[in-house]
Amino acid sequence: MSTSTDTGTLRIITAEDDHLAHNYHPLPVVISRGEGAWVTDVEGKRYLDLLSAYSALNFGHGHPAILAAAREQLDRLTLTSRAYHNDRLGPFAAALAELCGKDLVLPMNTGAEAVETGIKVARAWAYRVKGVAPDAAKIVVANGNFHGRTTTIVGFSDDPVAYEGFGPYAPGFVHVPFGDAAAIEAAIDESTAAVLIEPIQGEAGVVIPPEGYLRAVRELCTARGVLFIADEIQSGLGRVGTTFACDREGVVPDVYLLGKALGGGILPVSAVVANRDVLGVIRPGEHGSTFGGNPLAAAVGLQVVEMLASGEFQTRAAALGEHLAARLDALVGHGVTAVRVAGLWAGVDIDPAVGTGREVAERMLARGVLVKDTHGQTIRLAPPLVVRGTELDWAVEQLRHVLTV
Ligand SMILES: *Cc1c(COP(=O)(O)O)cnc(C)c1O
């Protein structure tokens, strides 16, 4: 049986270390193939992928319909820039706007770019529509947030690993505790442009706010004339058993920030989606991206939106999520101190007595399951929505085993 000490894996990792910046600490496994919920390493060993590239692979590795859309488009046209129109972008924008119940789409590539775009839109809206004094616009953000890695975004992170050493930081952000609507209300004044939150905080460890929080945020943003921007880059597009995590409370934000799964696991596709009265404030030349809205991205994104429009993946995530929650709950008190589950997305807090999150992830790797630790003691599970219930059962059995050694 092959192990991670085999020369193939070690040789590749050592060679990588020679030339790759150390901005990640990957698990010692070298993946060379993927299909559905499973990946295969260079030595032929198979693993169940319970991370799904942080939810960018909601439809699994190599989903046939997404691959077909990409292949068909590769042969026709891949890039035009927005200097010209292309015949794929319009249909993608129309479908995505309809999925979101909004008028307009601004396509970008990575999630961080969508967040940056959302910040620009909110500020432009504050000055041009709301009448906030020049350069005074403020955006309320939550403690524990994760919105990406650009300098502006890490400047309003409260995680020292994310921000320390990268200042000076952009001003204009106000912090409040996550899950506390009264704190948001107290933070809002006449220069507040927006409240920017993740409806469920993914990177923080799948932190779910108290029931009623999103509704309260919606109500007070409406009452105070402030935009509600929902960063659904990780929580959206089927992950939690609904199209968006905001749907769990029947709430519609003013602005959706989307990314990750929008690219079907093939390429980065992100978007800001809002109504014309908000997104219409951006004028030609004020914002752009060489690759944003490229025809390949639009073809893949359109396929993703069509798959979500059927509701099939949301239903599956909801059912499998209940299944997963029941099994994970049974681990509490047995090497697990707490479990938070929303759809097919789980944060599992590991009892320090049985090891760190990283150690548990390494033990799971040895048993053929890929999971990722976050913030020391938490394991994040985000299986592809195509995973089977029996595969989840097997994976939880492996977790139970590594917690009792
Ligand atoms: C991943 C993520 C981002 C950043 O996306 P990138 O594509 O990595 O830039 C932003 N917000 C949330 C909530 C995320 O999970």
Side-chain angles (χ1 to χ4, degrees), residues 21 23-24 26 51-58 106-122 139-159 161-163 166 173 178-179 194-209 214 217 228-240 243-246 248 253 255-273 289-294 297 300-301 304 340 342-347 372-375 378 380-384:
N23 59 326
Y24 278 92
L51 178 64
S52 314
Y54 309 94
S55 284
L57 284 160
N58 276 5
L106 198 165
M108 297 294 285
N109 311 285
T110 65
E113 288 175 309
V115 174
E116 290 277 353
T117 305
I119 291 167
K120 282 177 73 174
V121 168
I139 295 175
V140 178
V141 297
N143 294 339
N145 71 70
F146 181 85
H147 296 288
R149 300 294 196 170
T150 64
T151 50
T152 289
I153 292 170
V154 300
F156 62 83
S157 166
D158 62 353
D159 176 1
V161 178
Y163 72 76
F166 304 116
F173 298 94
F178 183 62
V195 172
L196 165 62
I197 54 167
E198 301 153 84
I200 293 175
Q201 291 187 330
E203 191 68 25
V206 190
V207 177
I208 304 168
L214 300 175
V217 172
F228 176 6
I229 306 178
D231 181 346
E232 294 255 18
I233 289 166
Q234 192 168 158
S235 59
L237 307 182
R239 171 56 54 195
V240 302
T243 304
F244 302 108
C246 284
R248 286 157 55 93
V255 179
Y256 286 107
L257 307 179
L258 304 175
K260 292 204 164 99
L262 194 56
I266 294 187
L267 74 177
V269 183
S270 69
V272 175
V273 187
S289 162
T290 304
F291 288 91
N294 71 75
V300 167
V304 165
R340 298 168 295 279
L344 211 40
W345 205 20
K372 177 73 171 72
D373 56 300
T374 182
H375 295 282
T378 301
R380 177 177 18 176
L381 305 181

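Order of listing sets the numbers, starting from 1, for every ligand and every atom in it. Owing to the predicted nature of the structure, the values given are computational and were not obtained by experimental measurement.
A donor-acceptor contact shorter than 3.5 Å is absent between the side chain of Q201 and the backbone of F146.
Residues with a heavy atom under 4.0 Å from ligand 1: T110, G111, A112, F146, H147, G148, E198, D231, I233, Q234, K260.
Judged as a salt bridge (charged side-chain N to carboxylate O under 4.0 Å, His left out), and not counting sequence neighbours, the contacts of E203 are R380. A56 meets the side chain to side chain contact (heavy atoms under 4.5 Å, CB included) test with A53, K260; sequence neighbours excluded. Applying the salt bridge (charged side-chain N to carboxylate O under 4.0 Å, His left out) rule to R248 yields no partners; only residues at least two apart in sequence or on another chain are considered.
For the atom pair CD1 (I200) and CG (D231), the distance works out to 12.5 Å, reported to the nearest 0.5 Å.
For the pair T152 and I119, the minimum side-chain heavy-atom distance is below 4.5 Å.
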